[in-house]
Amino acid sequence: MKTDLYTELARQLRADSIRCSTAAGSGHPTSSLSAADLIAVLLAGHLRYDWTHPDAFANDHLIFSKGHASPLYYAMLRAAGAIDDAELMTFRKLGSRLEGHPTPILPWTDVATGSLGQGLPIAVGEALAAKRPLNAPFHVWTLTGDSELSEGSIWEGLDHAGHERLSNFTAIFDVNRLGQRGPTELEWDLEAYAARVRAFGCEAIVIDGHDLVAIDGALGRARRAERPTVIVAKTVKGKGVSFLEDKEGWHGKALDPEQAKQALAELGAVASRTFATSTPEPWTPAAVPPPRKPELKTYTEPAATRKAYGEALAALGRARADVVVLDAEVSNSTHAEDFKKVAPDRFFEMYIAEQQMIAAAVGMQVLGLVPFASTFAAFMTRAYDFIRMAAVSQANIRLSGSHAGVSIGEDGPSQMALEDLAMMRAVFGSTVLYPCDANQTARLVALMADRPGITYIRTTREKTPILYREGLDDFRIGGSRVVRGGGADDAVAVVAAGITVHEAVKAADELKGTVRVRVIDAYSVKPIDADALIEAARTTSGRIVVAEDHWPEGGLGDAVLAALADADLRGARLRFAHLAPQDMPGSGKPAELIAAAGIDAAHIAAAVRELAASGA
């Protein structure tokens, strides 16, 4: 046992955590000090990682779920030789890679953490992908703080780890008793934590988190385990510095220079150095066939876009070995089950655990897989923080929300997503798609596979008519289609997406011969086809109607207005009618609810007539 080495490394990790946070004037040194012994033993004794090749597929993975302990994380990178001392001291400074909480701007960092409760379930996703379909030999480790153990997502993750018997997964609970404003819920009741862990089918190892021999034994046992392991470690916040140990009021506070000088003296700090670490055994993933162009179905009869989504996934599954699909126990409604029929080893049932589903997708894309995750659009809201953080992680994930809007019918408002377009438009770098027919859906799903960032597609419960029979390969992200009108004499433009495209077509056909109507299918809500909207506004002297099955805030209407806000309309004055649900819907037939929401053909036609009658 390398006790002297572990002791020396733990001392350096503590000292460097203090040094960099003091230089920054902010950070979480006391949260770092509590876990320093755990990380020292892991780094020098059990982690297998080639720091010069962070993309090596055999590398272990380590996620700091307690991302606020970033001083410790960066001190670890310094000890491994991944960064030097000069960079360590740029912590939290503008332009530094060492941000307040870790992000993948660093090549050794899988995902962004800092929103508590996310790192552990993402690590579960990595372990799940390693077990199948990759059959990879690496181990996945995650350091978790005790405050975040109040987050339900932690237990969603452990539940799934236990269910899948992920023996390649180990969580380390840093139970230091103190949270941000005082004691945690369970404080040092280690047996209570262990009982919860065991209840989810995981092995619990309870240790003193400052006993280097016990830590070494627990980590070795975890790698050899046949079940997922959780090391429940009792630690002391601020360990190693007398005036910090187990003291309230120090969370998130850096030491001033005099305090740091005293702390470093107590630690017996010496100049930082690089420590030798273990590299993994050479391993190469099994060869996979190169991706092929998917053979997408062409539809001639009405079909639900949710069904087309599932069948397009199945086509992708046949054509590409890197596509994986996750679903939150509604795959017979989202039709993700169609993928399961062709690639069962790459289909992951996540049950009713939307946070774990998104977390697993984020973890899987770290390993080069192409994840699609689906549930009812309304329930995607449960995982919104995970989606937000996925953007910070620079993750490439594809999301599908079905059963959107009042058009779902009798199930009522609890099932009707009326916020999802706004929610997804607000995500940094996101793509938001809302197709209206099955052929369009299939082509957009195929495009999603290679789209960077977070892509969301909204699908419809009811069957919709087939609007597109030609030019199916012309759909593009950022595009739109003119499905009625398009001439220089169009008087009013109606912009719609999804279910309201068909209502707009009915309205245009009803008005034929009385008002010249241009109907724009804005299937790409973000990025929206601003050029098509500007041209329509110029042609119609600024007369624009938007009809959408979504609350008026943040959806298609706002996207259209944003595109036109600073546009040169060549003298036209924008006259804008926005049709969207205004009142809380109830249950009813889809047609009844669409009419009650004021977004059916009759209401669209009335809005067109009113705008057409307005003066220049």
Side-chain angles (χ1 to χ4, degrees), residues 54-55 57 61 63 97 99 102-113 115 118 122 125-126 129 134 288 290-294 296 309 312-313 315-317 319-326 339 346 357-374 380 383-401 420-421 423-435 440-459 473-480 522-530 559:
D55 293 330
F57 216 88
H61 290 259
I63 296 177
R97 298 190 299 174
E99 298 178 348
T103 70
I105 194 172
L106 290 165
W108 312 277
T109 305
D110 286 354
V111 293
T113 53
S115 181
Q118 298 209 14
I122 291 171
E126 291 184 339
L134 298 175
V288 296
R292 296 180 286 107
K293 183 177 180 180
L296 301 172
Y309 167 78
L313 283 185
L316 281 170
R320 299 181 55 152
D322 57 353
V323 172
V324 294
V325 170
L326 306 90
F339 180 92
R346 289 183 278 131
M357 179 180 71
I358 301 301
V362 172
M364 290 178 181
Q365 62 86 40
V366 168
L367 304 176
L369 297 174
V370 178
F372 285 76
S374 51
M380 204 68 80
Y384 188 60
D385 188 34
F386 283 76
I387 298 169
R388 178 188 72 87
M389 285 295 293
V392 182
S393 290
Q394 305 171 29
N396 301 315
I397 59 174
R398 298 125 196 106
L399 309 177
S400 174
D420 57 317
L421 296 180
M423 177 177 83
M424 294 307 305
R425 282 183 64 231
V427 173
F428 175 78
S430 64
T431 298
V432 181
L433 307 172
Y434 186 14
Q440 185 182 61
T441 303
R443 275 69 193 174
L444 292 177
V445 170
L447 292 176
M448 290 171 70
D450 293 314
R451 182 74 174 173
I454 298 167
T455 305
Y456 174 72
I457 189 167
R458 189 189 216 216
T459 63
D473 291 332
D474 294 336
F475 289 112
R476 62 181 179 85
I477 292 173
S480 66
Y523 62 83
S524 181
V525 179
K526 180 188 177 184
I528 201 162
D529 190 349

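Note that the structure is predicted; figures quoted are calculated from it, not measured. The first residue of the sequence shown is numbered 1, and numbering continues consecutively from there.
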Within this structure, what is the [atom1]-[atom2] distance for the pair [X] and [Y], rounded to the nearest 0.5 Å?
X      : Y      : atom1 : atom2 : result
Leu326 : Ser400 : CG    : OG    : 12.5 Å
Arg443 : Leu433 : CZ    : CG    : 15.0 Å
Lys526 : Leu421 : NZ    : CG    : 12.0 Å
Thr441 : Arg458 : OG1   : CZ    : 13.0 Å
Leu447 : Thr455 : CG    : OG1   : 10.0 Å
Glu126 : Ile122 : CD    : CD1   : 8.0 Å

Working note: Arg388 + Ser115, criterion side-chain contact (heavy atoms from CB on, under 4.5 Å); need CA distance, chi angles, decisive distance, verdict. CA-CA 10 Å; Arg388 178 188 72 87; Ser115 181; 3.9 Å; yes
List the atom of [X], the atom of [Y], and the distance in Å for their closest heavy-atom pair.
X      : Y      : answer
Trp108 : Pro54  : CD1-CB, 3.7 Å
Ser524 : Gly479 : CB-O, 3.4 Å
Pro104 : Val111 : CG-CA, 3.8 Å
Pro435 : Tyr523 : CA-CB, 4.4 Å
Ser374 : Tyr309 : CB-OH, 3.8 Å
Pro294 : Ala446 : CG-CB, 4.2 Å

Under 3.5 Å: donor-acceptor pair, side chain of [X], backbone of [Y]:
X      : Y      : result
Arg346 : Val323 : yes
Asp322 : Leu369 : no
Ser393 : Ala112 : yes
Gln365 : Asn396 : yes

Any side-chain heavy-atom pair of [X] and [Y] under 4.5 Å:
X      : Y      : result
Pro107 : Arg97  : yes
Ile387 : Leu399 : yes
Tyr384 : Val427 : yes
Phe372 : Phe339 : no
Val445 : Leu313 : yes
Asp529 : Arg476 : yes

Evaluation steps, side-chain contact (heavy atoms from CB on, under 4.5 Å), between Met380 and Ile358: CA-CA 9 Å; Met380 204 68 80; Ile358 301 301; 4.0 Å; yes
My understanding is that only one of Arg425, Arg398, Arg451 makes a side-chain hydrogen bond (donor to acceptor under 3.5 Å, both in side chains) with Thr431; could you say which?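 With Thr431 as partner, Arg425, Arg398, Arg451 yield a single side-chain hydrogen bond (donor to acceptor under 3.5 Å, both in side chains), made by Arg451.
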Residues Met424, Val525; criterion side-chain contact (heavy atoms from CB on, under 4.5 Å); working and verdict: CA-CA 10 Å; Met424 294 307 305; Val525 179; over 6 Å; no
